Amino acid sequence: MHRPSTSDPSQHTIHSSYIAKLTSHTMDASTVFVRIYDSLQEIIRSTTAFDVAKGVAILWALRISFCMARRKLKATRLRGPPRTSLIFGLAKDLFHAEDAGAMYEAWANEYGVAYEVPIMLGGSKIMLCDPRAIAHFYNKETRTYVHTDFGLIFTRKNFGMVILCAQGEEHRRQRKSLSPAFSHAAVRQLLPVFYHSAYKAKAAWESLIDANDGHSTVIDVQNWLDSIGLAGFSHDFGSLDGKTNSVADVFTTFEGSVPNSTLLLLATVFPLLTYVPTSRGDLFGDMNRTLADISRKFLERSKEEKEAGIVDGKDDKSIIGVLLKAKDSGTDVQLSVEEILAQMKLLIVAAYETTSVTMTWALLELARNPDIQTKLRAELLAFGSDPTYDQLTNNLPYLDAVVHETLRFHPPLDEFVRQAAEDDVIPLSEPVRTRSGRVVNSISVTRGTRIGISTACINRSLAIWGADAKVFRPERWLEEGNIPKKAQEMQGYRHLLTFIDGPRTCLGKGFAVAEFKTVMFTLIKNFVLEMRDGPDTKIEMTMGILSRPRVVGEAGTKVPLRVRRYGS
Ligand code: HEM
């Protein structure tokens with residue numbers, strides 16, 4: 001069908017005749033409304049995709065010019081690295097970098113603890129590498145500093161209305177309803193579930209060794225789905241039994257699927273591009289459907305069990321049990337069924353991917369640092385039987401040190417970008433020099449400014465963690481006064497930003513640390529790990545849902561280690 005463009009003069013005549021009709025008579029309100037509606041319909045009908053694109057481009061250019069003008073007038077203009085591309089700024093260089101944290105650290109050394117990085121289409125983001133600035137930022141999260149439009153659209157598209165994209169009061173409400181599932185008391189009750197999973201891994205590894213020569217074998221160690229399956233949903237995903245299952249299948253499909261960087265980076269400026277079909281987008285779609293299906297089944301099964309009196313609602317401490325209680329609570333923190341389903345999908349991904357990547361790194365570090373592994377095993381063997389929750393927390397200092405050194409050295413989520421919802425002044429603990437050469441102790445930012453924090457940079461920074469920051473050295477957590485003053489100024493969980501800080505700090509960090517320690521206790525006590533191809537084996541980063549380590553030359557995300565039964 002022929003669709004006339006708005007540049008067609010006849011169309012302008014139609015519009016002006018409508019307006020003339022609207023203004024030349026005295027009409028009642030409903031007639032005016034109908035005519036406005038009709039004229040809007042007419043305009044929409046006569047608008048082509050090209051017109052829409054033109055309109056969006058003009059609006060976008062106006063918005064950028066307005067923001068830039070405001071920034072010029074009100075914001076502190078910081079120094080920073082030059083752009084390498086007119087279109088992408090430095091965004092592509094950072095996207096493809098093996099260690100973006102190291103790039104941010106080098107720029108902090110050159111330009112100071114707050115600096116500006118050019119990104120897409122003339123935009124920029126301010127990076128904060130200063131404890132005082134970061135504490136201020138996290139104090140104001142969810143109100144002054146909020147998700148970028150892209151972050152919101154991406155999360156909503158892939159998970160729905162989950163806590164990750166809620167802001168302000170809505171975030172507080174969702175957090176209050178989820179918190180009971182993650183209290184110390186709740187995690188303490190989940191400990192037997194974590195041990196059950198760890199023992200299943202142990203049994204699986206033993207059978208693999210027995211099937212080989214009875215002493216050792218090579219095992220790909222990235223396989224940890226059961227814990228979250230059991231603890232979160234009173235459900236055994238069964239991946240350690242070697243059964244196939246749809247959740248594990250979905251995660252596996254992401255192995256090696258690299259996002260289209262151009263499209264992804266453009267979507268940070270034009271968030272609607274998130275909806276352009278891509279093969280990775282299809283994987284997210286599949287994941288979403290599978291997780292929605294599984295979550296719905298969990299929900300139905302839990303309801304049936306509760307109704308049949310199999311599980312006492314009061315005693316069901318699994319995450320789904322707590323979510324169901326929130327649904328039925330009748331209080332202001334009540335969650336709708338759709339919200340529960342969305343949170344469940346998010347939790348499966350948030351809990352599984354992050355914990356699994358971190359544990360893989362821990363096993364890798366122990367395999368390439370045999371002295372640390374031997375020292376850890378000595379502590380675990382001396383302790384003897386399986387520790388309780390309190391003993392895991394207080395009585396195994398070297399295990400605690402290994403876990404926290406892994407969290408410091410390998411944060412699975414390595415950068416966060418938010419945008420200012422209002423103008424603000426960010427205080428600094430040390431002065432920086434601006435573009436005009438002024439020395440300032442605080443920086444003014446205007447509404448819309450993007451603010452970035454690189455966890456990888458902060459956690460491994462020489463300026464913050466001292467001369468041995470780039471070495472995996474658990475001892476730093478044990479020696480009196482060994483955490484440098486600058487690192488101590490860094491708030492967050494044990495001075496780390498791995499779980500970020502403020503109102504959005506990871507709800508599952510107690511869960512993750514307890515699970516991590518239980519698994520390490522069981523496996524390192526019973527097995528000796530070595531790099532399959534010797535201590536110099538190269539590791540590289542690849543993509544799963546998050547970026548993950550793999551041994552160079554392996555397919556997918558494989559980390560094959562030689563696993564020997566301890567004492568054999
Ligand atoms: C080593 C493991 C983990 C790491 C490093 C980690 C890290 C994080 C980080 C950085 C955030 C903030 C994300 C953002 O605001 O953009 C977060 C949020 C969250 N995490 Fe974790 N996480 C881990 C494990 C878990 C586990 C095991 C669970 C649940 C069982 C969990 C549940 C959550 C939830 C519900 C949020 C949203 C909190 C909110 O928005 O208020 N996480 N996590």
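Ligands are counted one by one from 1 in listed order, and the atoms in each one are counted from 1 as well. Predicted model, so just to flag it, every value in this text is computed and none were measured.
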Contact (N/O only, under 3.5 Å) between H147 and ligand 1: no
Output, in order, the C-alpha distance, side-chain angles, deciding distance and verdict of side chain to side chain donor-acceptor pair (under 3.5 Å) for Q189 and Y389. CA-CA 9 Å; Q189 300 223 21; Y389 177 77; over 6 Å; no
Numbered in order shown, the ligand 1 atoms found under 4.0 Å of a heavy atom of L413 are 7 (C), 8 (C), 9 (C), 10 (C)
Tell me whether the rings of F472 and F409 are parallel (<30°), tilted (30 to 60°) or perpendicular (>60°). perpendicular
Side chains of Q343 and Q174 only: does a donor on one sit below 3.5 Å from an acceptor on the other? yes
Measure the acute angle between the ring planes of Y104 and Y115, then classify it against the limits of 30° and 60° as parallel, tilted or perpendicular. tilted
What part of F416 sits under 4.0 Å from ligand 1 if we count only heavy atoms: the side chain, the backbone, both or neither? side chain
Is the backbone of A456 close enough, under 3.5 Å, to the side chain of D414 for a donor and an acceptor to pair up by distance? no
Parallel, tilted or perpendicular for F521 and Y195, by the 30°/60° rule? perpendicular
For R447 and E422: C-alpha separation, side-chain torsions, deciding distance, then whether salt bridge (charged side-chain N to carboxylate O under 4.0 Å, His left out) applies. CA-CA 4 Å; R447 187 154 59 86; E422 57 194 15; over 6 Å; no
Can you list the atoms of ligand 1 that are under 4.0 Å from a heavy atom of R175? 38 (C), 39 (C), 41 (O)
Does ligand 1 have an atom that lies less than 4.0 angstrom from a heavy atom of L178? no
Heavy-atom contact check, 4.0 Å cutoff: does H171 meet ligand 1? yes
Nearest to atom 25 (C) of ligand 1 by heavy atom, C506, A181, G151: which? C506
Note: ligand 1 atoms sitting under 4.0 Å from heavy atoms of P412 are 5 (C)
Enumerated ligand 1 atoms positioned under 4.0 Å from heavy atoms of I163: 37 (C), 39 (C), 40 (O), 41 (O)
Can the ring centres of H147 and F154 be said to be less than 6.0 Å apart? no
Ligand 1 atoms in contact with L347 (distance to a heavy atom under 4.0 Å): 29 (C), 35 (C)
Relative to ligand 1, is R418 under 4.0 angstrom through side chain, backbone, both or neither, heavy atoms considered? side chain
Among T268, I153, I451, V417, whose side-chain contact (heavy atoms from CB on, under 4.5 Å) with T148 holds? V417
Check each atom of ligand 1 against the heavy atoms of F182 and keep those under 4.0 Å away; list them by number with element. 29 (C), 30 (C)
Measuring from the heavy atoms of M359, does anything fall under 4.0 Å of ligand 1? no
Within 4.0 Å of some non-hydrogen atom of T358, the atoms of ligand 1 are 1 (C)
For ligand 1, is any non-hydrogen atom under 4.0 Å from L346's backbone (N, CA, C, O), its side chain (CB onward), both, or neither? neither
For ligand 1, which atoms, with element, lie under 4.0 Å from some heavy atom of T498? 5 (C), 7 (C), 10 (C)
Give me the one residue out of R494, R476, R473 that meets salt bridge (charged side-chain N to carboxylate O under 4.0 Å, His left out) with E405. R476
